[in-house]
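A quick write-up on the structure given underneath.
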Amino acid sequence: MTSVLSSVTGGSAAMADWAVPLAAGATESSGGSTGEQVVFWVMAPLAVLGALGLVLSRKVVHGALSLAVTMISLAVFYLVLEAPFLGVVQVVVYTGAIMMLFLFVIMLVGVDASDSRVETIRGQRAAAVLAVLGVVVLLTAVTGRATLPDPAGMEQAAPDGNVPAIADLIFGTYVWAFEVIAALLITAAVGAMALTHREQIFARPTQREQAERRFREGRPEDAAGLPVPGVYARHNAVDTPALLPDGTPSEASISRVLVARGAARSVDEFSLSGPAGTDAPDETSGDDAEAGDDASEAGDDTAKGGRG
Amino acid sequence: MSPTPYLVLSVILFTIGGAGVLLRRNALVAFMSVELMLNAANLAFVAFARMHGNLDGQIVAFFVMVVAAAEVVVGLAIIVTIFRTRRSASVDDASLLKL
């Protein structure tokens, strides 16, 4: 990164970047210019690495997390640039809300969803890389060669501090933009709800109807719902079958998806050897039948989905 | 410290985001790259606001953040809806203008 910078801005400018800060820091009124340089040169590579991680990582989750790194380093830049309000908003809104929303959707859509390697347009990838390199060289050359004045600082614009000055502007000059943006946010929230809402076409079967259907299908032993998976308090228990009153594991108590994936465990792993062992699992499954009414509902739903 | 390094960093982040939009086929990654481009523009706004000693740039950056939040909400809802019907999060699969 520094090599790109120095090669584009020319040798003298790069020298000035590195060698002059001590002298410049003495003359600048705000002071702390050396500290700012240090913060910049520590956080800027981090930000660029995070951005590259987003583009280059195979897994979407890794990309989202590296983008979060970039967001946090941008928040540090805002703090350094005398915009503490924006720095806090960046952390709260971007890193806290937006990136976590992205992570939720990634979990929903599927972590394994990977890119296809097929080029739909021939040569699109090479052309994109070429265009990006051209844009980066052009823009860096322009911004690097421009002679910009030293920052004027925020003392005059915000004498009472950053937040009161921003409040004055938002609720004074920009109050209409603020109101319009509020309407936009409400509209976006309603739009998201309308988009993701699913209409219930058929009435949901009640417990009574489900029980009647099971009797009609000739399996009265399931009339009260399928048995819940066993709870052994040693691991995630949905992968362990429940024990029937006679001590045999019930195949119907675990999801068929787990069996197909080979993730289901056998009860023998957890049974204690000897006569004392036969009592303990029965006790736990009895507790479970009382405590887990909701779980039996959920397990019933998944089992139903599995059976189609 | 002159705003030039911040601007160069902003340019670099913006072009990396553009590369992500152009190169990646996953809708979520392309969307996050758009977010990265918005953030890069915000960095330039804040750097210029400090250079001019004027708070208007920070206000604009704030508004950009709010609009980006609204955009993310709607965009993710669209991605979820498309995924529900097509079982895919690739931008190539959503080639018809219907769900």
Side-chain angles (χ1 to χ4, degrees), chain A residues 5 33 36-37 40 44 47-48 51-52 54-55 60 63-64 67 74 77-78 81-83 86 89 93 98 101-102 105-106 108-109 113 115-116 120 125 128 132 135-136 139-140 143-144 148-154 156-158 165-166 169-170 174 177 181 184-185 188-189 191-192 195-196, chain B residues 1-9 11-20 22-26 28-29 31-33 35-36 39 42-43 46-47 49-56 58-59 61-63 65-74 76-81 83 88-90 92:
Chain A
L5 199 68
S33 182
E36 190 188 340
Q37 298 258 351
F40 181 84
V48 174
L52 285 177
L54 165 69
V55 178
V60 189
L67 184 60
L74 280 177
F77 286 135
Y78 293 161
L81 286 170
E82 299 176 62
L86 277 186
V89 167
V93 172
I98 293 186
L101 200 60
F102 266 112
V105 173
I106 289 170
L108 205 65
V109 166
D115 263 2
S116 65
T120 40
R125 225 161 271 216
V132 161
V135 169
V136 87
L139 285 180
T140 343
T143 51
L148 297 172
D150 273 343
M154 288 295 174
Q156 284 195 332
I166 282 190
L169 275 178
I170 285 182
Y174 292 99
I181 285 237
L184 178 75
L185 266 182
L195 274 173
T196 51
Chain B
M1 183 172 165
S2 139
T4 309
Y6 291 105
L7 295 181
V8 173
L9 175 67
V11 163
I12 289 168
L13 290 182
F14 186 86
T15 41
I16 290 176
L22 288 175
L23 292 175
R24 297 298 297 263
R25 299 263 74 87
N26 191 313
L28 282 164
V29 177
F31 204 23
M32 283 192 277
S33 303
E35 292 302 309
L36 183 63
N39 270 284
N42 270 354
L43 181 63
V46 177
R50 187 191 185 212
M51 185 187 92
H52 288 297
N54 195 333
L55 274 175
D56 291 320
Q58 294 188 14
I59 303 285
F62 174 69
F63 283 153
M65 279 185 194
V66 181
V67 173
E71 172 221 337
V72 161
V73 167
V74 176
L76 285 181
I78 291 175
I79 289 179
V80 167
T81 314
F83 179 77
S88 156
S90 171
D92 284 336

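Residue numbers begin at 1 in each chain, while the letters A, B, ... track the order of the sequences.
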Report yes if the side chains of A:Val60 and B:Met32 come closer than 4.5 Å at any heavy-atom pair, otherwise no.
yes

Please flag which part of B:Leu13 lies under 4.5 Å from any non-hydrogen atom of chain A: side chain, backbone, both or neither.
side chain

So which residue, A:Ala64, A:Ala47, A:Gly191, ends up with the most heavy-atom pairs under 4.5 Å with chain B?
A:Ala64

Heavy atoms only, distances under 4.5 angstrom: which of A:Val135, A:Ile166, A:Leu108 has the most pairs with chain B? Name it, please.
A:Ile166

A:Leu74 and B:Asn42, any side-chain heavy atoms less than 4.5 Å apart:
no

The reported gap from CG in B:Leu28 to CZ in A:Phe102 (rounded to nearest 0.5 angstrom) is 6.5 Å

Measuring only between side-chain heavy atoms, which start at C-beta, is B:Leu9 closer than 4.5 Å to A:Phe77?
yes

Where do B:Ala70 and A:Leu185 come nearest, in terms of heavy atoms and distance?
CB-CD2, 4.0 Å

Once rounded to the nearest 0.5 Å, what's the spacing between atom CG of B:Asp56 and atom CG of A:Leu169?
5.5 Å

For A:Ile98 and B:Ala69, the nearest pair of non-hydrogen atoms, with its separation, is CD1-CA, 3.8 Å

Any side-chain heavy-atom pair from A:Leu86 and B:Met65 closer than 4.5 angstrom?
yes

Shortest non-hydrogen contact from B:Ala49 to A:Met154?
O-CE, 3.3 Å

Nearest heavy-atom approach of B:Pro3 to A:Pro149 is CD-O, 3.6 Å

If one checks every heavy atom of A:Leu139 against chain B at 4.5 Å, the contacting part turns out to be both

With only heavy atoms counted, which part of B:Asn54 is less than 4.5 Å from chain A, the side chain, the backbone, both or neither?
backbone

Between B:Val67, B:Asn39, B:Leu7, B:Val11, which has the largest tally of heavy atom pairs under 4.5 Å with chain A?
B:Asn39

Shortest non-hydrogen contact from A:Leu81 toward B:Gln58
O-NE2, 4.3 Å

Counting C-beta onward and ignoring hydrogens, is there a side-chain heavy-atom pair between B:Val66 and A:Leu184 closer than 4.5 Å?
no

What residue in A:Ala165, A:Ala177, A:Gly63, A:Ala51 has the most heavy-atom pairs under 4.5 Å with chain B?
A:Ala51

When the 4.5 angstrom heavy-atom criterion is applied to B:Ile59 and chain A, the contacting part is side chain

What one should report as the nearest heavy-atom pair of B:Arg50 and A:Glu82 is NE-OE2, 2.9 Å

Quick one: what part of B:Phe14 sits under 4.5 Å from any heavy atom of chain A, side chain, backbone, both or neither?
neither

Begin with the C-alpha distance, continue with both residues' side-chain angles, and end with the deciding distance and a verdict on side-chain contact (heavy atoms from CB on, under 4.5 Å) for B:Phe62 and A:Ile170.
CA-CA 10 Å; B:Phe62 174 69; A:Ile170 285 182; 3.6 Å; yes

How long is the span from the NE2 atom in B:His52 to the CG atom in A:Leu148, to the nearest 0.5 Å?
8.5 Å

Who wins among B:Val73, B:Val74, B:Leu55 for the most heavy-atom pairs under 4.5 Å with chain A?
B:Leu55

Got B:Leu36 and A:Val55 here, is their nearest side-chain heavy-atom distance under 4.5 Å?
no

At what distance, to the nearest 0.5 angstrom, does CD1 of B:Ile16 lie from CG of A:Leu54?
9.0 Å

